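Working notes, beginning with the structure itself.
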Amino acid sequence: MLAGLILGACVAPLSLDDRACPCGEGWTCCEATQMCIQPGATCQQVQQPPALSPTRCLDDHWCWENPTPHAHYYRAVWASGPDDVWAVGAPGMATHWDGLNWKIHRSATDQSLLALFGTGPEDVWAVGREGAVVRWNGKAWQAVGTGLTQLLLSVWGSSPADIWVVGSGGALLHWNGADWSRPPDTLPHYYTGIWGFAPDDVWVISAEGNVWRWNGQAWVGEPGFASDRVWSLSGAEGVLWALDEKVEEGIWRVLRFEGGQWHVVHEEHRQFTSIAAMSAQEAWVAGPGGAVLRIDGGNAMLSLLGMKENLAHVWGSREAGLWMVGDSGQILRKTDAGWVSLREGASKPVLGGHEVSAAEAWACGEDGMLLRWSEGQWSVLFSGTPVALHSVWGASPGDIWAVGAGETIVHSDGTSARIWWQIPEGATLRGIWGSGPADIWAVGDNGRILHHDGESWGVHESPTTVTLNQVWGTDARNVWAVGELGTLLRYDGKAWAVVPLEKPTRQAFRDVWGTGPDDVWVVGAQGHVRHYDGQRWETWVPFAKGELTGIWGTGPSDIYVLESGQDIIQDLPKEFTNLYHYDGKTWKGAAVPYGGHFNALWGAGREPRIGGAGGSILHYQP
């Protein structure tokens with residue numbers, strides 16, 4: 001039996017209602033914005049919303065153009081009603097649905113959030129990695145100091161003065177509206193779920209299937225079951241449901257606790273991640289690859305929704321309906337007609353982009369994805385091919401070319417597209433650029449170089465067999481191509497030749513761009529930067545440590561470079577993306593909010609766009 005103990009120096013008493021901005025240890029409260037900021041950061045003044053719809057903007061500078069609301073992963077969803085839905089997951093993001101539109105909020109933490117629960121529209125809690133606990137008070141998300149550093153996996157509460165948080169390493173914590181408390185003799189169990197039916201009827205389960213019940217005074221052991229990993233716990237009408245995994249057998253099971261015992265009501269060799277109870281007899285289970293399982297009485301019905309995204313969490317109630325969330329910004333709602341996605345826009349990884357004018361742009365990506373930006377939005381064009389398209393370029397809105405795997409070349413007149421050239425066993429084409437409609441170059445694997453003269457494409461003699469990643473030029477007699485192993489080529493209007501560098505490198509060059517014949521930039525792996533001043537190639541001191549995947553600008557003193565990389569934090573990989581700006585004298589970096597993988601950079605008028613995983617296209621407004 002476990003009795004409650006008030007925490008001492010570890011966590012000071014904290015009243016969430018008495019303080020508008022209850023920041024955790026080390027954080028600072030900004031009164032103007034009611035946001036918590038990390039050490040070293042400065043408070044910002046309240047500003048007018050950006051020009052684009054606030055449902056798409058992350059802050060004053062970054063706005064999503066595709067998909068809506070975003071393409072980062074979700075790990076939990078909760079709703080008080082059909083017009084009050086929250087979803088969390090990727091670091092720093094909390095997304096809200098008001099019944100008509102999405103709006104992205106800062107979640108007051110840079111940790112991934114893994115679980116979510118609310119007692120009402122103005123009292124919503126989320127927990128996650130590194131002991132992260134945040135709360136929505138109806139106006140803003142606020143960091144809450146608890147003293148915990150463990151992985152937190154579940155949260156439940158009956159009121160703003162009755163909140164329970166559980167996780168790994170024996171993390172079991174209670175908020176009574178004024179103080180945090182925890183049992184004095186808590187064993188280091190790996191708690192994976194908590195659910196309650198009343199303040200004096202709360203249940204917690206461990207990964208191995210041990211179960212305890214809070215009776216209002218103490219935690220008491222209850223019947224459990226043997227498990228290798230309990231994934232999720234839910235309840236309705238006084239009945240508990242659990243989802244677990246028997247690892248050696250490769251079996252996922254749905255169990256129900258009724259009459260003082262746990263009963264296996266369904267099992268199969270298919271992975272699942274989350275369970276939501278709708279009643280004593282009905283529960284829904286979600287899993288990878290769009291797998292959805294409904295248990296109704298003694299019957300089980302499996303549905304495969306035909307999506308690549310993994311579904312990480314399902315939530316449901318009679319008042320709010322059923323909701324599911326997963327990777328790449330996928331969020332679904334159950335309707336009378338079936339499951340409907342509320343994510344809008346293409347979701348394949350973006351590999352390349354090109355601006356034809358301030359009002360016209362194109363993007364391309366995996367599975368033959370071809371997108372057109374026109375009239376303020378991205379639309380999908382059928383490309384006619386399932387292969388990855390790596391790069392796109394156009395002389396005008398009615399003359400667009402995209403290249404990709406299988407030596408594929410696709411042409412679009414702005415309204416439709418068709419395959420112009422394709423050799424299924426041929427080299428992957430990775431870059432395309434032209435000085436005009438009758439002078440277009442495409443480069444790719446094995447040093448492959450193709451040229452279009454306005455009527456047909458033909459193979460051009462190449463001085464290398466190394467993979468070429470991109471091509472760019474100032475005119476028909478001054479074209480550059482870059483590739484692996486520090487390869488740099490130049491076309492002088494007659495032939496391609498290898499350009500020797502004073503300081504050779506084996507690092508890959510990823511992109512090339514410039515403002516004229518005497519101002520050309522090359523960027524590549526491990527922050528590698530080279531600049532050509534018309535006479536010689538200079539090796540610049542790296543201003544970044546990751547992969548420099550793209551470069552674009554509007555002039556010699558207005559240049560952007562995209563960096564993608566990965567840090568290892570506590571043995572876990574964490575991706576990062578930075579956008580660097582050069583003003584003619586110095587480079588200054590701006591982190592892309594909330595992480596994610598981005599690999600393409602192109603223009604949006606005098607401002608840049610970046611594209612990457614999950615169909616992500618972000619517009620940066622300096």
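Just so you know, residue 1 is the first one in the sequence shown, and it goes up from there. Every value quoted in this text rests on a predicted model; they were computed, and no experiment measured them.
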Minimum-distance pair of heavy atoms, taken over all atoms of [X] and [Y]:
{"X": "G394", "Y": "I400", "result": "CA-CD1, 3.6 Å"}
{"X": "A544", "Y": "L548", "result": "CB-CD2, 3.9 Å"}
{"X": "F598", "Y": "S616", "result": "CE2-CB, 3.5 Å"}
{"X": "V380", "Y": "A346", "result": "CG2-CB, 4.0 Å"}
{"X": "L370", "Y": "S383", "result": "CB-CB, 4.2 Å"}
{"X": "A481", "Y": "V443", "result": "CB-CG1, 4.4 Å"}

Salt bridge or not for [X] and [Y], using N-O below 4.0 Å?
{"X": "D583", "Y": "K588", "result": "no"}
{"X": "D327", "Y": "R75", "result": "yes"}
{"X": "R506", "Y": "E484", "result": "no"}

Looking only at side chains, do [X] and [Y] share a donor and an acceptor under 3.5 Å apart?
{"X": "W373", "Y": "E65", "result": "no"}
{"X": "S341", "Y": "Q330", "result": "yes"}
{"X": "N599", "Y": "R510", "result": "no"}
{"X": "S328", "Y": "E309", "result": "no"}
{"X": "Q271", "Y": "W252", "result": "no"}
{"X": "T95", "Y": "H70", "result": "yes"}

Looking at [atom1] of [X] and [atom2] of [Y], how far apart are the two atoms once the value is rounded to the nearest 0.5 Å?
{"X": "E455", "Y": "D453", "atom1": "CD", "atom2": "CG", "answer": "6.0 Å"}
{"X": "L501", "Y": "T539", "atom1": "CG", "atom2": "OG1", "answer": "7.0 Å"}
{"X": "S391", "Y": "R430", "atom1": "OG", "atom2": "CZ", "answer": "11.0 Å"}
{"X": "W496", "Y": "H460", "atom1": "CH2", "atom2": "NE2", "answer": "8.5 Å"}
{"X": "I617", "Y": "L371", "atom1": "CD1", "atom2": "CG", "answer": "5.5 Å"}
{"X": "S412", "Y": "W420", "atom1": "OG", "atom2": "CH2", "answer": "12.0 Å"}

Determine, step by step, whether R530 and V523 satisfy the side-chain contact (heavy atoms from CB on, under 4.5 Å) criterion, reporting the C-alpha distance in whole Å, the side-chain angles of both residues, the deciding distance to 0.1 Å, and the verdict. CA-CA 6 Å; R530 298 290 177 103; V523 297; over 6 Å; no

Side-chain donor or acceptor of [X] paired with backbone N/O of [Y] under 3.5 Å:
{"X": "N66", "Y": "G615", "value": "yes"}
{"X": "S274", "Y": "V314", "value": "yes"}
{"X": "E563", "Y": "K545", "value": "yes"}
{"X": "Y491", "Y": "G493", "value": "yes"}
{"X": "N446", "Y": "R448", "value": "no"}
{"X": "D518", "Y": "D533", "value": "no"}
{"X": "Q470", "Y": "V482", "value": "no"}

Can we call the ring centroids of [X] and [Y] under 6.0 Å apart?
{"X": "W441", "Y": "W472", "result": "no"}
{"X": "Y580", "Y": "Y560", "result": "no"}
{"X": "W433", "Y": "H354", "result": "no"}
{"X": "W97", "Y": "W102", "result": "yes"}

Side chains of [X] and [Y], heavy atoms from C-beta outward: is any pair under 4.5 Å?
{"X": "H581", "Y": "D558", "value": "yes"}
{"X": "V340", "Y": "L332", "value": "no"}
{"X": "S112", "Y": "P91", "value": "yes"}
{"X": "I610", "Y": "Y620", "value": "no"}
{"X": "L311", "Y": "V292", "value": "yes"}
{"X": "S107", "Y": "L113", "value": "yes"}
{"X": "T428", "Y": "H390", "value": "yes"}
{"X": "L489", "Y": "L468", "value": "yes"}

Testing T487, N469, V522 for side-chain contact (heavy atoms from CB on, under 4.5 Å) with F509, which one passes? V522

Partner of H451 under side-chain contact (heavy atoms from CB on, under 4.5 Å), chosen from I440, V479, D439: D439

How are the rings of [X] and [Y] set relative to one another: parallel (under 30°), tilted (30 to 60°) or perpendicular (over 60°)?
{"X": "H411", "Y": "W401", "answer": "tilted"}
{"X": "W64", "Y": "H72", "answer": "perpendicular"}
{"X": "W540", "Y": "H531", "answer": "perpendicular"}

Is there a side-chain hydrogen bond (donor to acceptor under 3.5 Å, both in side chains) between S379 and R372? Walk through the geometry before answering. CA-CA 5 Å; S379 58; R372 180 189 183 191; over 6 Å; no

For a side-chain contact (heavy atoms from CB on, under 4.5 Å) check, start with the C-alpha distance between I559 and W587, then their side-chain angles and the critical distance, and finish with the verdict. CA-CA 9 Å; I559 302 173; W587 291 93; 4.1 Å; yes

Let's go through Y582 and W521 carefully: what are the C-alpha distance in whole Å and the side-chain angles of both, what is the deciding distance for ring pair (Phe, Tyr, Trp, His ring centres under 6.0 Å) to 0.1 Å, and is it a yes or a no? CA-CA 12 Å; Y582 180 66; W521 295 83; 5.5 Å; yes

Derivation of the side-chain contact (heavy atoms from CB on, under 4.5 Å) call for W362 and L381: CA-CA 10 Å; W362 291 75; L381 269 74; 3.8 Å; yes

Check the pair E407, I409 against side-chain contact (heavy atoms from CB on, under 4.5 Å), reporting the backbone distance first and the verdict last. CA-CA 7 Å; E407 204 158 301; I409 301 178; 5.9 Å; no

Cation-pi geometry met for R609 and W552 (6.0 Å, 45°): no

Could you walk me through whether K348 and D367 pass the salt bridge (Lys or Arg N to Asp or Glu O under 4.0 Å) check? CA-CA 7 Å; K348 308 297 182 184; D367 298 335; 3.4 Å; yes

